[in-house]
Engineer: 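So that we are looking at the same thing, I have put the structure below in structure tokens.
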Protein chains: 2
Amino acid sequence: MRPPELDTFDLRILRELQEDGRLTNAELSERIGLSPSPCLRRTRQLEEMGLIAGYQARLDAARLGLGVLAFIQVHLERQVEEAARDFEAAVLALPQVVACDSVTGDSDYLLQVVCEDLEGFAHFAHDILMGIPGVRGVRSSLALKRVKEHRRLPLDQLKPVPKSADSAAEKAGIYGAGSQKGM
Amino acid sequence: MRPPELDTFDLRILRELQEDGRLTNAELSERIGLSPSPCLRRTRQLEEMGLIAGYQARLDAARLGLGVLAFIQVHLERQVEEAARDFEAAVLALPQVVACDSVTGDSDYLLQVVCEDLEGFAHFAHDILMGIPGVRGVRSSLALKRVKEHRRLPLDQLKPVPKSADSAAEKAGIYGAGSQKGM
DNA sequence: TATTATTTCGGCAGAAGCTGCCGATACTCA
DNA sequence: TGAGTATCGGCAGCTTCTGCCGAAATAATA
């Protein structure tokens, strides 16, 4: 997937909203150096393009009494085509699993699991996870300390389009019917 | 850390805001079955108590051209007291690292890293990460497919306080000076 | 059980913010 | 250089926010 070409304003909007998702449009427009109208337009477009996938409150798991975060490497049975599909479906339905990726390396999936306490985690790992058909084995690591968890994407790595150049053609593609660029 | 005792309304607020962090207070109050005034009051309290740590826009990394998510297990040199402190400080300053936990098991830290492409990732792993003093070795897994990534805490695991019981004493402690519970 | 104290509720009103429309400006392309 | 296009900023009606009020519900006490 090719990155859409965003100018500095767009990147600033993304950056600010990634920091504070409840910024008012008025405040946001001030911070990025644009008046409210075009700022709101751009934000809506970023949402419609799916670059902003949504907004969410970040909750403090520990303070809420969800004290255990575990990373679980999962190995599935080989040669079972349906195993992966079934496992993914099962994982999607488990609220304790807050993230799940299929990964390279010596396991098939990496799960991130949140539980109240070790007892709850033990129950999850043994009775629930190991009970999913196709699961051959798991290996768990418990998070001892959350060193960094802001989860903000490194937008600084992206270089803005200078807003001059082929801006017209670019916008036509991005904001318009979007019939180019091999979508 | 003991979980603060939240009633059903509080839990509903957390649930809804975890789903959509930009809900208007009017809409939120409707959904939880309370009028706007007390709803806003409760939300503000949840923020002040730190249960709501913040709000953020969830961006689509892939569509933004940040196509690589990697999980990196990091081993530090043993017997080096400062290694951990220095490593954590270094990690905090690296924008590519979107999350970092110190973990149990056969590595010291688990990093989640976002890069534009494999080239960028290779550069990060070799030139940046391995360049941090005290790092003995790393092992990487690349995410092939994000099966689940909503990152919503399983609030259903928590049981609400019936709103009767010792509500008065509880509120005094939580909402007031907060001088109890070993803070 | 009756009374008092405390807490939380719902409603209201001024202030702030949203949002769709307008003309004006800057830019591109022929 | 001139026509066409896209983005800007401003405005106005509407929604939403937010702090303050009295009322209702709950808890503590006698």
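Since the model is a prediction, treat every value here as computed from it, not as a measurement. Throughout, protein chains are lettered first and strands after them, A, B, ... in sequence-line order, and every chain is numbered starting at 1.
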Engineer: I'd like a table of atom pairs between the protein and nucleotides 20-23 of chain D - only N or O on both sides, under 3.5 Å - with the distance next to each one.
Structural biologist:
none

Engineer: Describe, as an angle rounded to 10 degrees, how the axis at the first end of the helix from dT1(C)-dA30(D) to dA30(C)-dT1(D) is tilted relative to the axis at the last end, five pairs per end.
Structural biologist: 40°
Engineer: Name every donor-acceptor pair, under 3.5 Å, that has one atom in a side chain of residues 95-107 of chain B and the other anywhere in the protein, sequence neighbours excluded.
Structural biologist:
unit_1    : atom_1 : unit_2    : atom_2 : d
Asp101(B) : OD2    : Arg146(A) : NE     : 2.8
Thr104(B) : OG1    : Leu142(A) : N      : 2.8

Engineer: Please report the distance, rounded to the nearest Å, between CG in Asp7(A) and C1' in dA6(D).
Structural biologist: 13 Å
Engineer: Whole-Å distance between dA26(C) P and Leu34(A) CG?
Structural biologist: 15 Å
Engineer: Any chance you could lay out the salt bridge (charged side-chain N to carboxylate O under 4.0 Å, His left out) test for Asp20(B) and Arg31(B), step after step, and finish with the verdict?
Structural biologist: CA-CA 12 Å; Asp20(B) 181 359; Arg31(B) 293 199 192 179; 5.2 Å; no
Engineer: Does anything in residues 20-30 of chain B come within less than 4.0 Å of DNA chain D? Heavy atoms only, and list the residues if so.
Structural biologist: Thr24(B), Asn25(B), Ala26(B)
Engineer: Write down the protein N/O and nucleotide N/O pairs, taken from nucleotides 12-15 of chain D, whose separation is under 3.5 Å; answer none if there are no such pairs.
Structural biologist:
none

Engineer: Kindly say if Arg44(A) contacts the phosphate of dC18(C), meaning a side-chain N or O under 4.0 Å from OP1 or OP2.
Structural biologist: no
Engineer: Give the minimum heavy-atom separation between Cys39(B) and Ile32(B), together with the two atoms involved.
Structural biologist: SG-CD1, 3.8 Å
Engineer: If I take atom CG in residue Leu40(A) and atom C1' in nucleotide dC22(C), what distance separates them, rounded to the nearest angstrom?
Structural biologist: 16 Å
Engineer: Please give, in whole Å, the distance from dT8(C) P to Ile13(B) CD1?
Structural biologist: 13 Å
Engineer: Kindly give the heavy-atom pair with the smallest separation between Leu94(A) and Lys148(B), and that separation in Å.
Structural biologist: O-NZ, 2.7 Å
Engineer: Expressed in angstrom and rounded to an integer, what is the separation of Leu46(B) atom CG from dT8(C) atom C1'?
Structural biologist: 15 Å
Engineer: Going by side-chain hydrogen bond (donor to acceptor under 3.5 Å, both in side chains), name the pairs with one or both residues in residues 131-142 of chain A, residues two or more places apart or in two chains.
Structural biologist: Gln73(A)-Arg139(A)
Engineer: Give the intermediate values and the outcome of side-chain hydrogen bond (donor to acceptor under 3.5 Å, both in side chains) for residues Gln18(B) and Arg151(B).
Structural biologist: CA-CA 9 Å; Gln18(B) 204 178 203; Arg151(B) 235 147 239 307; over 6 Å; no
Engineer: Using only heavy-atom distances, determine whether the side chains of Glu47(B) and Tyr55(B) contain a donor-acceptor pair under 3.5 Å.
Structural biologist: yes
Engineer: Counting only heavy atoms not in His150(A), do more than 12 fall under 6.0 Å of its NE2?
Structural biologist: yes
Engineer: Hey, could you give me the CG/CG distance between Leu11(B) and Leu46(B), rounded to the nearest 0.5 Å?
Structural biologist: 9.0 Å
Engineer: Does a salt bridge link Glu88(B) with Lys145(A), judged by any charged N lying under 4.0 Å from a carboxylate O?
Structural biologist: yes
Engineer: Would you check, one step at a time, whether the test side-chain contact (heavy atoms from CB on, under 4.5 Å) holds for Leu51(B) with Leu6(B)?
Structural biologist: CA-CA 11 Å; Leu51(B) 299 182; Leu6(B) 306 168; 3.9 Å; yes
Engineer: Quick check on DNA chain C: between Pro36(A) and Gly33(B), whose nearest nucleotide comes earlier from the 5' end?
Structural biologist: Gly33(B)
Engineer: Work out which heavy atom in Gly33(B) is nearest to a heavy atom in Phe9(B); give both atom names and the distance.
Structural biologist: O-CE2, 3.7 Å
Engineer: Any carboxylate oxygen within less than 4.0 angstrom of a Lys/Arg side-chain nitrogen, looking at Asp108(A) and Arg78(A)?
Structural biologist: yes
Engineer: Could you check which of dT18(D), dC9(C), dT7(D) has an atom nearest any side-chain atom of Arg42(A)?
Structural biologist: dT7(D)
